[in-house]
Structures are given as structure tokens and as C-alpha cells.
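One structure below.
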Amino acid sequence: MLHRKPLPSVYQFAQLLAALVKMKRYSVAVSLFRDMCVKSIPVNIVTLSTAINCFCHLNRVDYAFSLLAGTIKRGFHPDVVTYNTLIRGLISQDNPAEAQLLFTNLIRFKLIQPDVVTYTTIINGLCKRAHASTAVTLFRYMDKKGCKPNTVTYSTLIDCLCKLRLVDQALGLLHEMTKKGITPNVITYNSLIQGLCDFNRWQDVNQLLSEMNTRNISPSVHTFNILVDAYGKEGMINDAEDVIEFMIQRGQHPDVVTYSALMDGYCLRGEVDKALAVLETTMKKRGIVPNIRTYNILINGYCKKLKVDRAVDLFQQLPREGLSPTIYTYNTILQGYFLTGRHVEARNFFDEKMMLNKALTLNNITCSILLNGLCQNRFVVEALSFFDTMLSAGLIPDICIYGTLIDGLSKNGHLEKARSLFDNLPLKGLRPNVKTYTMMIQAYCHDGLLNDANELFLKMEANGCLPNDVTYNTLIRGFFHNKKYNEAGVLMDEMCARGFSADASTASALLDLLKSQEQNPALLALRKKFLT
DNA sequence: ATAGGGTTAG
């Protein structure tokens with residue numbers, strides 16, 4: 001194009017950029033745009049907006065805004081499309097406050113009139129941050145302002161409601177849109193099918209599929225992938241295979257996502273070798289190239305089967321396949337080593353493979369795997385020193401990390417350290433959850449501090465955290481071990497009243513007690529309670 | 001008339 005004389009028009013360059021965007025080749029588009037600027041090829045607001053969009057997709061909203069400044073400086077007028085792009089960029093960069101500010105200023109200074117895309121973008125951003133009710137309010141507001149929601153707006157809201165597990169509300173919106181004459185598309189249905197699959201509502205799924213059929217909306221590869229994944233996760237591997245067979249019959253081509261979902265299904269059943277066969281035969285035969293997620297599934301499968309060496313073989317095979325491991329890959333193998341008691345290899349793997357890899361961002365999962373693994377192997381000092389390493393690497397520990405640490409410390413004879421960590425959680429802006437409370441209660445019980453345990457049990461509910469079945473069972477066993485059978489009985493009644501029941505471990509603890517103290521009246525009363 | 005922005009799966 002650059003060598004053509006006369007030069008192709010700005011339209012044709014815009015089309016080329018758009019094609020690259022469609023293929024998600026954002027950095028290629030950006031370098032082409034730069035090339036155009038250097039060679040003084042005319043640009044306009046359309047090509048400029050496309051470049052701004054590319055920067056946003058590359059997570060460089062800062063560059064996007066400096067290009068916006070350049071755009072205005074060169075005398076072009078950013079329009080509603082330009083600003084919608086920037087609003088989406090800010091939201092996707094997790095900066096909703098700036099997005100909000102941009103939106104209000106655009107309206108205040110009458111720079112643009114928000115359109116249906118503006119509202120849809122913001123509704124999506126709100127929903128993805130779990131502000132569903134605000135999103136619905138905005139949804140009703142735009143309608144009132146004369147900006148009619150369209151298929152994409154409804155699909156966005158439906159998808160978000162499904163992800164918040166409000167599937168029936170989402171189905172209500174489907175009904176509402178069709179009544180208004182706004183036709184759902186395959187994306188609308190895919191979101192709903194996913195939402196229903198999450199609840200194993202197979203009958204409703206089939207009803208939606210036949211509804212699609214009546215409306216002449218063909219299921220896409222996406223649709224089938226949702227089904228393969230859902231069946232695989234439920235262990236219904238034959239159904240998953242049937243879906244793939246069906247989609248091929250209908251002329252759809254399964255892709256890497258389809259087969260990865262199938263492989264995950266096999267791995268969850270422990271049939272990792274079958275998953276490997278899918279990769280080595282079916283995918284190869286069909287010319288489908290596996291990606292890192294495909295390998296992660298296999299690596300995870302082998303680790304869960306305690307075949308860590310096979311997992312490491314696959315890990316070492318990655319560069320040959322042109323793939324780079326992700327933090328998920330590393331975390332999986334690290335956990336595999338600990339799971340099989342190979343803590344020396346785990347620590348070498350962490351030191352040599354993970355710490356030295358500059359491209360890797362260690363996360364809270366890494367931290368909790370390490371802390372848990374070290375504590376379970378009685379390396380408390382090392383665990384604490386790793387914790388410090390992670391902190392100085394800039395990691396912000398979440399409540400799960402503290403839970404792991406509290407549990408590990410208390411199980412290795414450091415109850416007071418665990419207690420002080422627990423008590424200082426509010427100072428770190430963290431609230432204990434039901435697991436954290438339960439671990440601390442267990443710690444107190446283990447050291448015979450039943451009063452502290454009971455006090456905390458009462459306190460958690462007062463703090464708005466309801467005990468669950470694990471909490472009750474933990475405290476009841478604590479009373480058993482400290483010969484407080486009457487207290488155990490009272491708590492057992494309370495637990496049953498709340499719809500929980502004694503678990504296997506509590507039951508066997510009681511049976512052991514009964515065996516050794518056949519005539520203890522308190523225990524006999526407990527047995528009566530327990531057996532009825 | 002031809003070009004840019006918002007929604008779905010592992």
C-alpha cells in the first residue's frame with residue numbers, strides 16, 4: 001500500500017487497521033499506525049480512534065490518553081466512539097473512578113451525547129464489579145432518557161446476572177427483550193446456557209437450545225464448548241463426547257477450547273492418560289494446536305494423580321512446543337511436589353525456576369501453596385521467612401494467606417503467634433471469614449483453651465460471620481477431647497437445629513469415647529442424641 | 001456506499 005502511487009485513501013488504511021483489530025493483533029496495528037504517521041499518510045478521527053482502541057486493549061491507557069491529547073492538538077474532534085473506547089479502557093484497567101469522572105465531564109461539558117454503546121460499556125463495567133443493582137438502575141435510566149437498550153445491552157446485563165448466579169432474573173430479561181421485539185442472538189443464549197449449566201439445570205438448557213432452534217439461531221462453537229465443559233465438569237464424559245460428535249455432524253469445527261474442556265473432564269475423573277490421548281491423537285489428527293492452557297490441564301491432572309515426574313516432563317516439553325508456562329503452571333507443579341512430600345524439590349523449584357524468572361508475577365496462590373507445604377512439613381521458620389520474601393516482593397496477602405499461616409503456626413506449637421496474627425487482622429484491613437474463624441477455634445481446642453474457643457465461636461456470629469458445619473464439628477470435637485460432654489451435647493442440638501449434622505470425624509470420636517467409657521451417663525446421653 | 005467503540009466458552 002505504501003508503494004502505490006497515488007497512495008491508497010485513508011478509508012483503505014482504516015480498513016486495514018480494523019482488520020488487524022478484528023484479529024486481535026493490536027500491537028501490529030499500533031506499529032502500522034506509527035508507520036503511517038512517520039510516512040505522513042493522512043489520518044482522521046477514525047484511524048486515530050482505532051489506534052486509541054489498540055492501546056487500550058494492550059493495557060496502555062496512558063498511551064491512549066496521550067494520543068487523545070495529540071488528536072485534539074492536531075485539530076481533530078474526538079467523537080462518541082473515541083470516548084466510549086477510552087471509558088472501556090479505563091474500566092478494563094480497573095479504574096472505574098476515572099471512567100466515571102470522564103463520563104460525567106463529557107456530559108457536563110457537552111462534549112458528547114452518550115449513546116447506547118456508552119451505556120452498555122458502563123453497565124458491563126458495573127456488573128463485572130458486582131454492582132448489579134446500580135447496573136440495572138442505569139439500564140432503566142437510559143431507556144427513560146430515550147436511549148433504547150439493544151440486543152448487546154440486554155446480552156451484557158443477562159451475562160452479568162448469570163455470573164452473579166441470578167439466572168432466573170436473567171431469564172426474565174430474555175422474556176422482557178423478546179416481548180419488546182429486541183431479538184436475542186447466539187451470545188445472549190450462550191450466556192444463559194452457561195448460567196444454567198452452572199446449576200446443572202440440564203432440562204432448562206435443553207429448552208433454551210430448542211428455543212434457539214425455533215428462532216433459527218444456530219448454536220456456535222462457543223455454545224458447544226460451554227456444553228462440553230459443563231458435562232466434563234460433572235463427570236458426564238460420554239455426554240461431552242456426544243456433544244463433540246454432534247457438532248461435527250452439524251458442520252461445526254471443534255477447536256482448542258473444545259478439546260481442552262474434554263481433556264479437563266477426563267482429568268477430573270483421574271483418566272489423565274485418556275486426556276493425553278486426546279491431545280496426541282484427536283487434536284493432532286484435526287490439526288488443532290494445543291496452547292498453554294491445554295498443557296496446564298494435563299500438568300494439573302498428573303499432579304493430582306501424584307505423578308509429578310510426568311507433570312515435570314510436560315513442563316520441560318513446553319519450550320519445544322513454543323509455549324511459555326504461566327504462573328498457574330508453576331503453582332500446579334509446586335503444589336504437586338508438596339503433595340507428594342518432596343519439599344526439597346519444591347523449594348529448589350521455587351528458588352531456581354520461579355524466583356529467578358523475571359517474567360513471572362508470584363501471586364497469593366503461590367504464597368499459600370508454599371506456606372501450606374512448608375508448615376505441613378514442619379518448616380515453620382522457613383515458612384515465615386518465605387512470607388517475608390513475598391511481602392518484600394510487593395505481594396499483598398489476602399485473608400486466605402493469613403488463614404494458612406494461622407493454621408500452620410498453631411499446628412506446629414506456635415499458638416500465641418497464630419493468635420496475635422489473628423488479632424491483628426483488622427489492622428491490616430482484613431476480616432476473618434468462616435474458615436479463618438474455624439481454624440482459630442480448632443487451634444484453641446487443640447491446646448485445651450476451650451473458653452477461648454467458645455468465646456470466639458460466639459464472637460464470630462456477633463461479627464456477622466455464621467458458623468458452618470465444619471465450625472460446629474470442630475468445636476464439638478474440642479469439647480469431646482476435653483471431656484466436656486454436656487457442652488458438646490448442647491452444641492450438637494444447636495447444630496442440628498441449624499440443619500447441620502455430625503461429620504464422620506465427630507462420629508468416630510464419639511464411638512471411640514463410648515468404647516472406652518461404656519458406663520459414662522453423659523456419653524450415653526450423647527449416643528442417644530446422636531443415634532436419633 | 002466504503003472506516004472506528006459495547007456482549008459469550010476452557
Side-chain angles (χ1 to χ4, degrees), chain A residues 8-22 29 33 43-54 56-57 64 71 76 78-89 91-92 112 114-125 127-128 135 142 147 149-163 170 173 177 184-195 197-198 219-233 240 243 254-265 267-268 275 290-297 300 328:
Chain A
S9 70
V10 62
Y11 280 101
Q12 280 152 331
F13 280 104
Q15 278 177 314
L16 180 57
L17 284 175
L20 289 168
V21 169
K22 202 180 251 170
F33 176 78
V43 296
N44 63 10
I45 191 59
V46 174
T47 46
L48 283 161
S49 298
T50 307
I52 288 173
N53 188 30
C54 290
C56 288
H57 277 288
T71 301
F76 293 106
D79 58 15
V80 62
V81 176
T82 322
Y83 286 117
N84 286 343
T85 303
L86 288 163
I87 289 173
R88 195 204 63 83
I91 292 174
S92 75
I112 56 154
D115 65 6
V116 59
V117 178
T118 323
Y119 284 113
T120 304
T121 305
I122 296 173
I123 287 170
N124 192 34
C127 270
K128 293 277 149 71
M142 65 184 280
C147 184
N150 60 18
T151 303
V152 180
T153 319
Y154 270 99
S155 300
T156 303
L157 202 52
I158 284 173
D159 183 64
C160 291
L161 290 173
C162 286
K163 294 221 161 55
L173 279 180
M177 68 189 287
N185 61 20
V186 63
I187 298 179
T188 324
Y189 278 102
N190 286 348
S191 293
L192 284 161
I193 289 170
Q194 174 73 62
C197 282
D198 288 341
S220 61
V221 175
H222 239 98
T223 319
F224 291 118
N225 287 352
I226 292 166
L227 295 173
V228 172
D229 180 59
Y231 283 132
K233 283 202 166 49
V243 171
D255 61 11
V256 60
V257 180
T258 321
Y259 286 112
S260 300
L262 181 67
M263 289 165 60
D264 201 25
C267 287
L268 287 170
N291 59 25
I292 184 60
R293 296 172 82 144
T294 320
Y295 276 92
N296 283 346
I297 288 165
N300 183 50
Y328 181 89

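Below, chains carry the letters A, B, ... as their sequence lines are ordered, and counting in each starts from 1.
An OP1 or OP2 oxygen of B/dG4 is reached within less than 4.0 angstrom by no side-chain nitrogen or oxygen of A/Asn53. The shortest distance between the side-chain N/O atoms of A/Lys128 and the OP1/OP2 oxygens of B/dT8 is below 4.0 Å. Proximity of A/Gln194 to the phosphate of B/dA9: no side-chain N or O atom is located under 4.0 Å from OP1 or OP2. A close approach under 4.0 Å does occur between a side-chain nitrogen or oxygen of A/Lys163 and OP1 or OP2 of B/dA9.
Residue A/Tyr11 has its side chain nearest to B/dA3 when only B/dG10, B/dT8, B/dA3 are considered. Of all nucleotides listed (B/dT8, B/dG4, B/dA3), B/dT8 comes nearest to the side chain of A/Ile187. The side chain of A/Asp264 approaches B/dG10 more closely than any other nucleotide in the set B/dA3, B/dT8, B/dG10. Among B/dG6, B/dT2, B/dG10, the nucleotide with an atom closest to any side-chain atom of A/Gln15 is B/dT2. Closest contact between the side chain of A/Val46 and the listed nucleotides B/dG4, B/dT7, B/dA9 involves B/dG4. Comparing B/dG6, B/dT8, B/dT2 against the side chain of A/Asn190 picks out B/dT8 as the nearest. Ranking B/dA3, B/dG10, B/dG6 by closeness to the A/Asn124 side chain, first place goes to B/dG6.
The nearest whole Å value for the distance from the CG atom in A/Leu262 to the P atom in B/dA9 is 19 Å. Atom CE of A/Met142 is separated from atom P of B/dG6 by 15 Å (rounded to the nearest Å). Between the CE atom of A/Met177 and the C1' atom of B/dT7 there is a distance of 10 Å, given to the nearest Å. We find that CZ of A/Phe33 is positioned 14 Å from C1' of B/dA3, with the value rounded to whole Å. One can place OH of A/Tyr119 at 18 Å from P of B/dT7, the figure rounded to the nearest angstrom. For the pair A/Met263 CE and B/dA9 C1', the interatomic distance rounds to 16 Å; values are reported in whole Å. Put simply, OH on A/Tyr154 is 19 Å from C1' on B/dT8, counting in whole angstrom units. Atom CD1 in A/Ile193 sits roughly 10 Å away from atom C1' in B/dT8 (whole-Å rounding).
If you check every strand for non-hydrogen atoms under 4.0 Å, A/Ala18 touches sugar and phosphate atoms only. If you check every strand for non-hydrogen atoms under 4.0 Å, A/Ser9 touches nothing. Residue A/Asp255 is classed as a base contact, given a heavy-atom separation below 4.0 Å to a base. Note on A/Val256: a base of the nucleic acid sits closer than 4.0 angstrom, heavy atoms only. Heavy atoms of A/Arg88 sit under 4.0 angstrom from primed sugar atoms or phosphate atoms, though from no base atom. At the heavy-atom level, A/Lys22 lies nowhere under 4.0 Å from the strands shown. Note on A/Ile45: a base of the nucleic acid sits closer than 4.0 angstrom, heavy atoms only. Within 4.0 Å of A/Ser191, counting heavy atoms only, lie sugar-phosphate atoms of the nucleic acid but no base atom. Heavy atoms of A/Val228 sit nowhere under 4.0 angstrom from any nucleic acid atom. Using a 4.0 Å heavy-atom criterion, one finds that A/Thr82 contacts the bases of the nucleic acid, with or without backbone contacts as well.
With hydrogens and angles left out, the side chain of A/Thr156 and the base of B/dT7 share no donor-acceptor pair within 3.5 Å. Evaluation of atom-type donor-acceptor distances gives no pair under 3.5 Å for the side chain of A/Thr50 against the base of B/dG4. A donor-acceptor contact under 3.5 Å is not formed by the side chain of A/Thr121 with the base of B/dG6.
Not counting sequence neighbours, the partners of A/Ser49 by the side-chain hydrogen bond (donor to acceptor under 3.5 Å, both in side chains) test are A/Thr82. With sequence neighbours left out, the side-chain hydrogen bond (donor to acceptor under 3.5 Å, both in side chains) criterion links A/Thr151 to no other residue.
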Show the numbers, then the answer: is there a side chain to side chain donor-acceptor pair (under 3.5 Å) between A/Asn190 and A/Gln194? CA-CA 6 Å; A/Asn190 286 348; A/Gln194 174 73 62; over 6 Å; no
One pair to check against side-chain contact (heavy atoms from CB on, under 4.5 Å): A/Ile292 and A/Asn296. What are the steps and the verdict? CA-CA 6 Å; A/Ile292 184 60; A/Asn296 283 346; 3.9 Å; yes
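When all heavy atoms of A/Thr294 and A/Val256 are compared, the closest pair comes out as OG1-CG2, 3.5 Å.
Rounded to the nearest 0.5 Å, atoms CG (A/Asp264) and CG (A/Asn300) are 7.5 Å apart.
For the residue pair A/Asn150/A/Thr153, the side-chain donor-acceptor check at 3.5 Å is satisfied.
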